[in-house]
Amino acid sequence: MPESTLATFSVRRLEIIDPEGNADEALLPDLSGDELRRLYYLLLLTRTFDGRALALQREGRIGTYPSVLGQEAAQVGSAFALAGGEWIFPSFREMGLFFTLGYPIHQLFQYWGGDERGLRAPDGLNIFPVCVSVGTHLPHAAGTALAARIRGERTAVVAYFGDGATSKGDFHEAFNLAGVFRLPVVFICQNNQWAISVPLSAQTASRTLAQKALAYGFDGIQVDGNDLLAVHRATREALEKARSGGGPTFIECLTYRMSDHTTADDASRYRTPEEVAAWRERDPLLRFERFLAKRGLWNEDYAAEMKGKAQGEIDEAVRRFEAIPPPAPGEMYDFVSAELSARQRQQREI
Amino acid sequence: MPESTLATFSVRRLEIIDPEGNADEALLPDLSGDELRRLYYLLLLTRTFDGRALALQREGRIGTYPSVLGQEAAQVGSAFALAGGEWIFPSFREMGLFFTLGYPIHQLFQYWGGDERGLRAPDGLNIFPVCVSVGTHLPHAAGTALAARIRGERTAVVAYFGDGATSKGDFHEAFNLAGVFRLPVVFICQNNQWAISVPLSAQTASRTLAQKALAYGFDGIQVDGNDLLAVHRATREALEKARSGGGPTFIECLTYRMSDHTTADDASRYRTPEEVAAWRERDPLLRFERFLAKRGLWNEDYAAEMKGKAQGEIDEAVRRFEAIPPPAPGEMYDFVSAELSARQRQQREI
Amino acid sequence: MPQLNMVQAINLALREEMARDDRVVVLGEDVGRDGGVFRVTEGLFEEFGAARVIDTPLSESAIVGAAVGMAAYGLRPVAEIQFMGFIYAAMDQLFAHAARIRSRSRGRFTAPLVVRTPYGAGIKAPELHEESTEAFFCHMPGIKVVVPSGPYSAKGLLLAAIRDPDPVLFLEPTRLYRMVKEEVPEGEYTLPLGKARIVRAGGAVTVVAWGSMLQRTLKAVEGYDAEVIDPQTLSPFDWETLLASVKKTGRLVVVHEAPRTCGLGAEIAATAAEEAILHLRGPVLRVAGPDVPVPLARLVDHYLPSPERIRGALDEVLRY
Amino acid sequence: MPQLNMVQAINLALREEMARDDRVVVLGEDVGRDGGVFRVTEGLFEEFGAARVIDTPLSESAIVGAAVGMAAYGLRPVAEIQFMGFIYAAMDQLFAHAARIRSRSRGRFTAPLVVRTPYGAGIKAPELHEESTEAFFCHMPGIKVVVPSGPYSAKGLLLAAIRDPDPVLFLEPTRLYRMVKEEVPEGEYTLPLGKARIVRAGGAVTVVAWGSMLQRTLKAVEGYDAEVIDPQTLSPFDWETLLASVKKTGRLVVVHEAPRTCGLGAEIAATAAEEAILHLRGPVLRVAGPDVPVPLARLVDHYLPSPERIRGALDEVLRY
Ligand SMILES: Cc1ncc(C[n+]2csc(CCOP(=O)(O)OP(=O)(O)O)c2C)c(N)n1
Ligand SMILES: Cc1ncc(C[n+]2csc(CCOP(=O)(O)OP(=O)(O)O)c2C)c(N)n1
Ligand SMILES: [Mg+2]
Ligand SMILES: [Mg+2]
């Protein structure tokens, strides 16, 4: 057979809640009413934080800030699947992830306020610091998973990143490593279709991002990233597979960055208001509300109550953030190394 | 449709001559008897050079040398498809490519003898110098193709590399660039199944290398790399596609490194004699001889004559190589920059 | 003559050079429709089109690597790395390839390319947005390193860099982007690479500073009999100008924001200690960043050499 | 005590440390079944198995990046980069991550890892196989740089490097791998990082050299009243030992094979010019590689500092 087909592949897509809030019952993850309401609250919390952070930035009380508007479901839905004990590698636009994990909210304000002390994760929570250098944290995720394997521990590893990150060499090297060693990593890409001003079509000619996993010998799946339950289900399955030795999974959450890239950006320079408006229709929070409403778990009063609660929690975090005394100049020497050199000690004294 | 198949893909494989030398006539490239005999001679020349280089290395007359034994068909077959005018980016194990292009043979001895002057390509032949840093030349190929596009020139670009190179970040970034801009590049991988001591299965979990192209939105094809005509046909088609705006192609030539990695290596440390013996059966030169014989283009006498001729050409190249006066110490300053700095000029004078 | 800030001056240089020479192309992340995150390439996409103002995928190594291929082919690529902290991924392409292709090919292929990148601290940005690791690149034979210190020199030096037959790393002091305006002539003028500029003449001490530290140094030296040198090109360095000044003043202070150890200040001090020691009356002092990663906004003012520290060094060296 | 060459000494150190501490793992290209292209990891795969002696794909950035993750998780990875010329692809991981994770996470995560790599010229190998760019890494706060100059120190320093709580770049002078044998004790001993060694006492001139240049320097100084210092750790440098010697001898010569400009010699000379100038009787001289890419075999002997050039510098500085 001189010309033959060597191999065929396909890429799946998962959706559970449609834009009207109707769910595919067969695919519904097994979540209680309380859990569903908790998820709703986490979406609200994330959105409330986001709005407040934008306001604080405008007032000069924090620095440049990357809004997560529109991506809350991808973050909260996936993070809610974590069982605890995982090692987590965020990029820089995952506030919803941090909240779902119980990361102290005031520390995020602190970090975006230009104080690195905000990045010290609470003991017991293995989340790496925000990684600004796009995609470069992915090898850490692979290495950590390899370490867990070597130690014979069933730790799973989760890494978050954007569509832009898929173009980096480190994405490739990390995915390849994960494939070769069948590592327990769940790679979660929030494909928000933009990397600053670069649209997905200029980032890659690949039809989907999910299919990139084929190059590394493991599965990729695309989920509707504005469908919290689809994200959740896919993450949970990928985590189970990881823990049971099934190797890595790549989950592409197709979503949309509804805001500017950061407060330093003006997205109207490079995309149309129509495009943004179309995606506002597909707001993941709205969709989840419709879904909850259909199940009798949501009404306007309840929403108002929860919004108030989220507001209160964020207010409190802002108060705590603003009460933190500024770092002392000497603190920039702390943690450079376990022990300072004689020269560094001398520099600190000046 | 909550769970759906988004996309399906397949990877093709091409073979034309079978191990006994029988050809699939429908797929035979359109090559004259003279051309086929020229191809045979180029295979012989490459193999003769290779043997001589190994001998010279043992005698200390050149330095470390990477044998091409077993990969001649992949190199000669692809290079013979070049029309002239292409830009070519070799890695370090492509002697057959250089000979097919008419690169002065003594210069290759010179280069492997530790004299960088051997890397100056003749004017008019756009072949980049040997690239030892694995995979890092692929972005140059993409950039050159982009430049040709910008200039509105129909130049095609060809890049050679090994299976090991597919793990490098630069492979990924270059492939992605080629995909996004639909660049006229033919990426030719000699998958000789080893990267020094690392077998393909430890290099990637991907079933084929060819399928890696799917991640970048263009076609990958696997060819039998020991089948000169399959390689030739695939390269010719890819070049035509490149020139006519069809974008990049990735050709995986499945072959085998019959020798040690280099003269500094001892492959018996990490692979079995049985494996090597099995591949010796599939020797590309042997296969091409059988094919030619079936077409009445080859017999033992002809082979002896051609071997003698190749021997003579290589002898002559060795003579030329050894007659080259050693570089003057000052030559290490030449070509660092168009103009030396005052400090460099001073250093050269000492 | 128009009063321009540095962003505008660089933009003007690019626009004029692209109009003059159709081999000049711009590539990088967000340099196209967006006009660059600092607006340095604003309007170029509209004027020269997508073929010459190229938004690339997010791939620093490929940006530089592609520029090597483009330059070898005959173009004059001007690549942007969005912040200096992301250039480390392209070190291999810069050092193993851009800096060496002329040498490896024995002159057959060359890399007349420019890599522009915002550099330096004090803009209240996240990690890796405030790096100043110029010393790495000054240790790479085959590549030039240029730092303008104002709008006028930015334009003249950039034009020279684009026309240079070899790769040039062009470091743009981010803090200065919009800080000062200067008269910047339209039309072409180049400032020669490898030539320092004596910004202020003086007799008692030579002070060398570049980028955003030059401004600060000029303020700090007020009232001192200090000669201030702006190297403009960090590699190759203009040793002639430096040594002539040091031989005259007998004292040398170097100011830079990069961490002290193995910063470019070391090379400057070492060269003085090697070639002008008999003229030195006192120690060669370096006022530099400490040996720590650049801290975030809340501490960065304590990281950067302050005017007080610069004056402290002057006072100390003037004691001899 | 066994007489070992440096390859054997490093191998012994790895083997002993892996036996002592099951957190120690080795990773890199060809480090497993093949035992490394220089046989430095020979036998480890057989002894400790594929889980702890890991052949990686050909991905330098991921090798270092994975080591960061492994170290943070609690292992003590010893990563090999096959030649120093391939470490440039991992600069980003080394500098933006390994060197900073302690700082970025405010001490919550650390990177106790070692990156070993053969370095230095004179082994008649292809391009990028003979680099000596130690100065890059000495300019990176948060990472240590160690260079052994013989089998004995190789073992003691490597053990210290593996046990160090922070990342260490361990540069192995390839030319010395099999050049000399020394008595290397079995069982554990460590040489402290950050401590130089006075290899030869003397009164008239201080000479600093490391790696394969140390051997050459020791031969060159025969007949001179020279004090020779082997820094052993290049970063952090043992300034105390250096300055004490310079203050005693009043003269300083630095020998290194890296290109002169912005090499580590610059930092050493600058520190002397800053902190010991009043004790210096003459110029601080650097005998270094020229500012060119390392040439291939036919010219490399002209690239490396020769004994004659070292003696020339001694003669010159002793004139003062
Ligand atoms: C390596 C690197 N290059 C460039 C940048 C500048 N930059 C910050 S975010 C960004 C786009 C990232 O896009 P994506 O990965 O899709 O994430 P998103 O911003 O959409 O969340 C760029 C180019 C960076 N932070 N890191
Ligand atoms: C970036 C880089 N890392 C490591 C090496 C050392 N090295 C030389 S060849 C080689 C294996 C290359 O394998 P492959 O790409 O399959 O090419 P092959 O040798 O089989 O022709 C390695 C690891 C190198 N030259 N470049
Ligand atoms: Mg994005
Ligand atoms: Mg191979």
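Per chain, numbering begins at 1; letters A, B, ... match sequence-line order.
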Task: Proximal component of D170(B), with respect to chain D [non-hydrogen, under 4.5 Å] - done: neither

Open item on the list: Please classify the contact between Y303(D) and chain B as side chain, backbone, both or neither, with a heavy-atom cut-off of under 4.5 Å.
Closed with: both

Open item on the list: Looking at R320(B), I want to see if its CZ is surrounded by more than 12 non-hydrogen atoms of other residues, nucleotides or ligands under 6.0 Å.
Closed with: no

Task: Contact origin within Q82(D) toward chain B - heavy atom pairs under 4.5 Å - done: side chain

TODO: Rounded to the nearest 0.5 Å, what's the gap from CD on E308(D) to CD1 on I350(B)? Could you check?
DONE: 13.5 Å

Task: Which portion of Q203(B) sits near chain D, non-hydrogen atoms under 4.5 angstrom - done: both

Task: Heavy-atom check, side chain of F92(B) versus side chain of P126(D), under 4.5 Å - done: no

Task: Main-chain N/O of D34(D) paired with R269(B) side-chain donor or acceptor, under 3.5 Å - done: yes

Task: Heavy-atom proximity to chain B below 4.5 Å, by part of T56(D) - done: backbone

Task: Residue among H261(B), Q347(B), Q344(B), R348(B) with most heavy-atom pairs under 4.5 Å to chain D - done: Q347(B)

- [ ] Verify side-chain contact (heavy atoms from CB on, under 4.5 Å) between I196(B) and E29(D), making sure each step is shown before the conclusion.
- [x] CA-CA 9 Å; I196(B) 309 187; E29(D) 295 156 14; over 6 Å; no

- [ ] Evaluate whether atom CZ of R117(B) has more than 12 neighbouring non-hydrogen atoms of other residues, nucleotides or ligands under 6.0 angstrom away.
- [x] yes

TODO: Determine the option with the most heavy-atom pairs under 4.5 angstrom with chain D, choosing from V132(B), D265(B), V134(B).
DONE: V132(B)

Open item on the list: Keeping E116(B) on the side-chain end and L296(D) on the backbone end, is there a donor-acceptor pair under 3.5 Å?
Closed with: yes

Open item on the list: Quick check: closest heavy atoms across M332(B) and P295(D), and the distance to 0.1 Å?
Closed with: SD-CG, 3.7 Å

Task: Minimum-distance pair of heavy atoms, taken over all atoms of L128(D) and S133(B) - done: CD1-CB, 3.6 Å

Open item on the list: Rounded at 0.5 Å granularity, tell me how far CD in E127(D) sits from CG in L119(B).
Closed with: 7.5 Å

TODO: Write down the atom of D291(D), the atom of R343(B), and the distance for their closest heavy-atom approach.
DONE: OD2-CD, 3.5 Å

- [ ] Under 4.5 Å heavy-atom distance to chain D, tell me which part of A328(B) shows up: side chain, backbone, both or neither.
- [x] backbone

Task: Donor-acceptor under 3.5 Å (D30(D) side chain, S197(B) main chain) - done: yes

Open item on the list: Let's go through K124(D) and T64(B) carefully: what are the C-alpha distance in whole Å and the side-chain angles of both, what is the deciding distance for side-chain contact (heavy atoms from CB on, under 4.5 Å) to 0.1 Å, and is it a yes or a no?
Closed with: CA-CA 8 Å; K124(D) 301 202 185 305; T64(B) 304; over 6 Å; no

Open item on the list: Looking at E339(B), I'd like to know if its CD atom is crowded, meaning that more than 12 non-hydrogen atoms belonging to other residues, nucleotides or ligands lie closer than 6.0 Å.
Closed with: no

Task: Short side-chain to backbone donor-acceptor contact, S59(D) and S167(B), under 3.5 Å - done: yes

